[in-house]
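Whatever order the structure lists them in is the order used to number ligands and atoms, beginning at 1.
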Amino acid sequence: MELAGSVVIAVANQKGGAGKTTSSINLAAGLHKLGLPTLLIDLDQQANASTGLGIDPASVHAGAFEVLQESPELRASLDEARVATSSGVELVAGHTALSHIETNGAGPGTEFRLERALRRLSEPRVVFVDCPPSLGRLTVAALTAAHAVLAPVSPGVDEISGLARLMQSIDIVRANDLNPEIQIGAVITTLYDGRNQVSKDTKTQLKDQFGDRYFGEISRTVRVPESAARNAPVVLYQPDSTAAQDYMDVAQHLAAMIRGGTDQ
Ligand SMILES: Nc1ncnc2c1ncn2[C@@H]1O[C@H](COP(=O)(O)OP(=O)(O)O)[C@@H](O)[C@H]1O
Ligand SMILES: [Mg+2]
C-alpha cells in the first residue's frame with residue numbers, strides 16, 4: 001500500500017532486556033508481511049537489530065553513525081545508508097561508534113539530525129527506531145523524530161516504575177519544543193508467561209494505566225532466542241510460535257492505525 005507520509009515509531013525503554021530490539025525487528029518484519037514498506041533504524045551501539053536482520057554492521061558502507069554526523073561531507077542520507085535485508089525490511093545499521101555520539105553528541109543540533117534525515121527520505125515508510133538502553137542523546141534524537149513511542153515492558157515491579165522515567169524524558173522533549181506532540185502511543189508486555197503472577201500483574205497494571213494504548217502481550221518462548229541465533233525475526237523463522245502470532249497481532253493493530261491515519 002502507498003503511505004501519504006512516513007510514520008516514525010521510536011521503540012524505547014531505558015531498561016536493557018525489555019524487548020526493544022526483538023519488538024523492533026518483529027514489528028517491522030510483521031508490517032512488511034502485511035504489505036507496508038518498512039525501515040528499521042538501529043540506534044544502539046550493540047547493533048543487535050542489525051545482526052538480528054542478518055546484517056553484519058562492519059559490512060555496511062554507512063549506517064546510523066554516518067546519518068548523525070554534523071559535517072555534511074561525512075554525513076550520509078538515509079537513502080544512502082539503508083540496505084535491504086532478507087526479511088524485506090530495510091535497515092540502517094547500528095555501530096559501536098554510536099557510543100561516541102551518545103557520550104559527546106555530534107555538534108550543535110544533534111537531537112534534530114535524525115528528524116531532518118527522515119524528512120528527506122525518498123519514499124514514505126513505516127520507520128521503527130530501535131533505541132539504546134538509556135535516556136541519553138540517541139534516545140532523545142529518536143523521541144524528537146518520532147510520531148509516537150512504543151514502549152516494550154518486561155514483567156516486574158521495577159519495570160513498571162521505570163516507565164515513569166521514560167515518560168519524564170518524553171515530557172522534557174515536549175516541554176523543550178523538540179517534538180511538541182510526542183507521547184507513548186503503544187505499550188506491550190514482553191517476555192510474558194501467563195503461569196507467572198508477576199506477568200499477570202504487569203499486564204493488569206499496564207492495561208489499567210494505558211487503556212486503549214495497551215496493545216497486548218508477547219509470549220516468552222525459546223523460539224525467540226532460537227530465531228535471534230539464526231539472525232532472523234521469529235515472525236518469519238517460526239511463524240507458528242506463540243511469540244510470532246503475538247507480534248503479528250500487534251502488527252495488525254499498528255497497521256490498522258497507520259492505514260486509518262493515512263486515509264484522512
Ligand atoms: N518473547 C520472548 N521470549 C523469549 N526471549 C525473548 C523474548 N523477547 C526477547 N527475548 C530475549 O530477551 C533478550 C533481551 O531482548 P532484547 O529485544 O534484546 O531487549 P532490549 O533491546 O530491550 O535490550 C534477548 O536475548 C532476546 O532474545
Ligand atoms: Mg536492544
Side-chain angles (χ1 to χ4, degrees), residues 9-30 40-55 57 63-65 87 89 91-96 98-99 101-102 128-136 138-139 141-143 146 149-156 158-160 162-163 165-166 169 184 186-196 198-200 202-203 206 215-251:
I9 301 168
V11 182
N13 181 334
Q14 71 280 4
K15 187 174 178 293
K20 289 178 289 298
T21 298
T22 305
S23 300
S24 300
I25 291 174
N26 282 288
L27 294 174
L40 196 163
I41 300 176
D42 185 355
L43 278 194
D44 191 353
Q45 56 169 303
Q46 295 184 66
N48 293 335
S50 307
T51 48
L53 289 174
I55 300 294
F65 177 73
S87 63
V89 175
L91 172 78
V92 173
H95 195 276
T96 49
L98 284 166
S99 65
I101 301 180
E102 182 73 346
F128 288 91
V129 186
D130 184 22
C131 293
S134 68
L135 296 169
L138 293 166
T139 295
L143 296 177
V149 179
L150 183 146
V153 184
S154 58
D158 293 347
E159 281 70 6
I160 294 199
L163 255 187
R165 286 188 52 217
L166 173 62
S169 291
I184 293 186
V187 176
I188 55 178
T189 311
T190 55
L191 295 154
Y192 183 80
D193 178 352
R195 295 162 302 184
N196 169 316
V198 179
S199 279
K200 287 194 272 192
T202 302
K203 165 185 165 176
L206 292 175
F215 278 37
E217 304 82 52
I218 309 296
S219 307
R220 177 177 206 136
T221 158
V222 70
R223 302 292 171 221
V224 170
E226 272 175 22
S227 300
R230 300 291 180 126
N231 308 114
V234 73
V235 295
L236 298 177
Y237 185 67
Q238 300 271 6
D240 297 330
S241 65
T242 47
Q245 289 170 4
D246 296 338
Y247 272 124
M248 286 310 298
D249 286 347
V250 177

Practice problem: Given side-chain contact (heavy atoms from CB on, under 4.5 Å), test D246 with E217 step by step and report yes or no. | Solution: CA-CA 7 Å; D246 296 338; E217 304 82 52; 5.6 Å; no

Exercise. Could you check I9 against L27 for side-chain contact (heavy atoms from CB on, under 4.5 Å), going step by step and ending with a plain yes or no?
Key: CA-CA 10 Å; I9 301 168; L27 294 174; over 6 Å; no

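- Near G16, with a cut-off below 4.0 Å to any heavy atom, the atoms of ligand 1 are 23 (O).
- Residue contacts with ligand 1, taken as heavy atom pairs separated by less than 4.0 Å, involve T22 via backbone and side-chain atoms alike.
- In this structure, T221 has a heavy atom closer than 4.0 Å to ligand 1.
- Under the 4.5 Å side-chain criterion, counting only non-hydrogen atoms from C-beta, L135 is in contact with R165.
- When hydrogens are left out, the protein atom nearest atom 19 (O) of ligand 1 is G19 N, 3.0 Å; that is the closest non-hydrogen contact.
- Distance check for Q46 against the Mg ion (ligand 2): none of its N/O/S atoms falls below 2.8 Å.
- Within the listing of ligand 1, atoms 19 (O), 20 (P), 22 (O) sit less than 4.0 angstrom from a heavy atom of A18.
- No part of P133 comes within 4.0 Å of ligand 1, judged by heavy-atom distances.
- Taking a distance limit of 4.0 Å, we find that atom 25 (O) of ligand 1 is approached by no protein heavy atom.
- The closest protein non-hydrogen atom to atom 13 (C) of ligand 1 is G17 CA, 4.8 Å.
- Rounding to the nearest 0.5 Å places OG1 of T190 at 8.5 Å from CD of E159.
- With 3.5 Å as the limit, one finds a donor-acceptor pair spanning the side chains of S134 and E102.
- Of all protein heavy atoms, the one lying nearest to atom 1 (N) of ligand 1 is S219 O, 2.8 Å.
- T21 CB, 3.9 Å is the protein heavy atom nearest to atom 18 (O) of ligand 1.
- By the 4.5 Å heavy-atom criterion applied to side chains, N26 and V224 are not counted as neighbours.
- Taking the side chain as every heavy atom from C-beta outward, P132 and L98 never approach each other to under 4.5 Å.
- Among V224, L191, V11, the residue whose heavy atom lies closest to atom 12 (O) of ligand 1 is L191.
- For a threshold of 3.5 Å applied to N or O pairs, the pair formed by Y247 and ligand 1 contains no separation below that value.
- Considering only heavy atoms from C-beta on, M248 comes within 4.5 Å of V235 through its side chain.
- By the 4.5 Å heavy-atom criterion applied to side chains, T22 and I218 are not counted as neighbours.
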